[in-house]
Asks: 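The structure that follows is given in the form of structure tokens.
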Number of protein chains: 2
Amino acid sequence: MKDNSEKKHAFPNCSIRHILDRFGDKWSILIISILGHVGKQRFNELNQQIGDISQKMLTVTLRSLEADGLVSRKLYPEIPPRVEYELTDLGRSLLPHIEQLALWAEKNMECILANRAKYAQKKVG
Amino acid sequence: MKDNSEKKHAFPNCSIRHILDRFGDKWSILIISILGHVGKQRFNELNQQIGDISQKMLTVTLRSLEADGLVSRKLYPEIPPRVEYELTDLGRSLLPHIEQLALWAEKNMECILANRAKYAQKKVG
DNA sequence: AATAATACTTACCTCGAGGTAACTGGCGAA
DNA sequence: TTCGCCAGTTACCTCGAGGTAAGTATTATT
């Protein structure tokens, strides 16, 4: 009997791990927060806003956000084509929590970087 | 004149990207949340709590959290050695925001998974 | 003399997230 | 007839996060 089941982790880890699994990638959270700030955006607008994302990852990330129901995609069958992305209600409900984190980062990132520098010093000196 | 500077991204992206850079890895947030729940923990206790982390990544992650000043490390020079990890005030200040996210996940993850399944269906059918 | 216990460290390897660059389709403009 | 626009798609490649397994130091125990 190899009981490699039912004992993994008893904590609210579950939801945290879900969060990390789905939003721990490089672009999802950023895109959500941009759409939250500026509202509707077209593909190339997002591309320019972010600046250093590849077309491939922009489509991949948008598709997965769409699949999760966090972002809506509206295609206008014109030529050249126009596509508009926008947060859904679900996506919008996530925004405030992200912004809390961002706020925390703004307040504390300097301190963290200072700590890290000090720690690196200790290792050397 | 190649002006590849000063135009990257004008948004509060900055703090969000900082967050993702430092906490977007597989274990940091989880360890912070565990230490937040149970308080002081020894190395092997953490190892067992998490269940599926490797020793290597546990040390690596703890070191980086320590370097950032989010977690404190107390070594008791006994034999065999004893080490206790605990959140610092800075680490503790991050907790509520993480828990907000976790709460959001608990409420909405089911919906997200349902959306994803429906989306996959559409692709097939 | 061998084993156990703790908290690692080290060498080695895998795998997939993400990047790059070129191509697509349909139309209008030069 | 070739180019440009928009929103992708595709093939290919890199690189590093993270896993595995074995080794380290020290002492007490059997």
Side-chain angles (χ1 to χ4, degrees), chain A residues 2 4 8-9 13 16-17 19-31 34-35 40-68 71-86 119 122-123, chain B residues 4 8-9 13 16-17 19-32 34-35 40-68 71-86 119 122-123:
Chain A
K2 46 186 183 116
N4 52 357
K8 299 212 152 189
H9 31 69
N13 300 1
I16 288 166
R17 301 181 86 145
I19 290 266
L20 290 169
D21 282 356
R22 307 272 157 187
F23 303 106
D25 68 308
K26 197 172 175 185
W27 302 114
S28 294
I29 296 279
L30 182 58
I31 289 176
I34 289 180
L35 290 179
K40 250 187 257 282
Q41 285 279 101
R42 301 180 58 177
F43 185 89
N44 278 346
E45 288 172 338
L46 278 171
N47 200 348
Q48 287 160 29
Q49 292 263 359
I50 299 175
D52 57 346
I53 192 175
S54 63
Q55 281 193 331
K56 177 194 164 190
M57 284 315 296
L58 184 50
T59 55
V60 166
T61 307
L62 285 170
R63 287 289 177 281
S64 79
L65 290 173
E66 192 198 354
D68 286 354
V71 162
S72 71
R73 176 179 189 272
K74 272 176 204 154
L75 163 66
Y76 299 83
E78 312 164 355
I79 294 207
R82 179 160 58 102
V83 178
E84 285 180 349
Y85 293 95
E86 193 176 8
Y119 187 88
K122 274 206 312 186
K123 289 248 131 179
Chain B
N4 52 358
K8 299 215 153 187
H9 32 69
N13 299 2
I16 289 167
R17 301 181 86 145
I19 290 265
L20 289 170
D21 282 357
R22 306 273 157 187
F23 302 107
D25 69 309
K26 196 171 175 185
W27 302 114
S28 294
I29 297 279
L30 182 58
I31 289 176
I32 289 175
I34 289 180
L35 289 178
K40 251 186 256 283
Q41 285 279 100
R42 301 181 59 177
F43 185 88
N44 279 346
E45 288 172 339
L46 278 171
N47 200 348
Q48 288 160 28
Q49 293 263 359
I50 300 175
D52 57 347
I53 193 176
S54 64
Q55 281 193 331
K56 177 193 164 192
M57 286 315 296
L58 183 51
T59 55
V60 166
T61 308
L62 285 170
R63 287 289 177 280
S64 80
L65 290 173
E66 191 198 354
D68 285 355
V71 161
S72 70
R73 176 179 190 272
K74 271 176 205 154
L75 164 67
Y76 298 83
E78 313 163 354
I79 293 207
R82 179 161 57 104
V83 180
E84 284 179 350
Y85 294 95
E86 193 176 9
Y119 187 88
K122 273 206 311 185
K123 290 248 133 181

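Here is how names work: the chains are called A, B, and so on, in the same order as the sequence lines, proteins then strands, and each is numbered from 1.
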Asks: Could you tell me if the side chain of B:Ile31 sits less than 4.5 Å from the side chain of B:Tyr85, heavy atoms only?
Replies: no
Asks: Calculate the interatomic distance between B:Leu62 atom CG and C:dT9 atom C1'; express it in whole Å.
Replies: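 Taking atom C1' of C:dT9 as the reference, CG of B:Leu62 is at 15 Å.
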Asks: Taking atom P of D:dC5 as reference, at what distance in whole Å does atom CG of A:Asn47 sit?
Replies: 14 Å
Asks: How long is the line joining CG of A:Leu46 and C1' of D:dG8, in whole Å?
Replies: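 In whole Å, D:dG8 C1' and A:Leu46 CG are 14 Å from each other.
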Asks: To the nearest angstrom, how far is B:Arg82 atom CZ from D:dT26 atom C1'?
Replies: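 That distance rounds to 17 Å.
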Asks: Which one, D:dA7, D:dG18, C:dC8, comes nearest to the side chain of B:Val83?
Replies: C:dC8
Asks: Minimum heavy-atom separation for B:Ile50 to A:Arg17, with atom names?
Replies: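 So the minimum-distance heavy-atom pair works out to O-NH1, 3.9 Å.
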Asks: Between D:dA7 and A:Arg73, is there an OP1 or OP2 to side-chain N/O distance shorter than 4.0 Å?
Replies: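 Looking at the OP1 and OP2 atoms of D:dA7, neither is under 4.0 Å from any side-chain N or O of A:Arg73.
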Asks: State whether A:Glu86 and A:Lys40 are salt-bridged, where the test is any N-O pair (Lys NZ or Arg NE/NH1/NH2 against Asp/Glu carboxylate O) under 4.0 Å.
Replies: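 Between A:Lys40 and A:Glu86 there is a salt bridge, with a charged N closer than 4.0 Å to a carboxylate O.
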Asks: Does B:Thr59 use its side chain to pair, donor to acceptor, with the backbone of B:Lys56 at less than 3.5 Å?
Replies: yes
Asks: Please report the distance, rounded to the nearest Å, between CD in A:Glu78 and P in D:dC6.
Replies: 12 Å
Asks: To the nearest Å, give me how far apart CG (B:Leu58) and C1' (D:dG19) are.
Replies: 14 Å
Asks: What's A:Tyr76 touching, base or sugar-phosphate or nothing? Going by heavy atoms closer than 4.0 Å.
Replies: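 A:Tyr76: no heavy atom of the nucleic acid under 4.0 Å.
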Asks: Nearest of C:dG26, D:dA7, D:dG19 to any side-chain atom of A:Ile79?
Replies: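 So the side chain of A:Ile79 is nearest to C:dG26.
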Asks: With the side chain of A:Tyr85 defined as its heavy atoms from C-beta on, choose the nearest nucleotide among D:dG19, D:dG8, C:dC8.
Replies: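 That would be D:dG8.
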Asks: Measuring from the side chain of A:Gln55 (C-beta onward, heavy atoms only), which nucleotide among D:dA7, C:dA7, D:dT20 has the closest atom?
Replies: D:dA7
Asks: Return the 5'-most residue of the pair A:Pro80, A:Gly24 with respect to DNA chain C, ranking by each residue's nearest nucleotide.
Replies: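 Between the two, 5'-proximity favours A:Gly24.
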Asks: Quick one: is B:Arg42 getting a side-chain N or O under 4.0 Å of the C:dA7 phosphate, OP1 or OP2?
Replies: yes
Asks: Rounded to the Å, how far apart are A:Glu45 CD and D:dC5 C1'?
Replies: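 It works out to 14 Å between those atoms.
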Asks: Counting heavy atoms from C-beta on, name the nucleotide in C:dG18, D:dG19, D:dG8 closest to the side chain of B:Trp27.
Replies: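 For B:Trp27, the side-chain atoms sit closest to D:dG19.
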Asks: How many whole angstroms separate atom CE of B:Met57 from atom P of C:dA11?
Replies: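 About 17 Å, once rounded to whole Å.
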Asks: Here's a test of your reading of the structure: between A:Thr59 and A:Lys56, which maps to the more 5' nucleotide of DNA chain D?
Replies: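 Per heavy-atom nearest nucleotide, the more 5' residue is A:Thr59.
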Asks: Nearest 0.5 Å please: distance from the CG atom of B:Asn47 over to the CE atom of B:Met57.
Replies: 12.5 Å
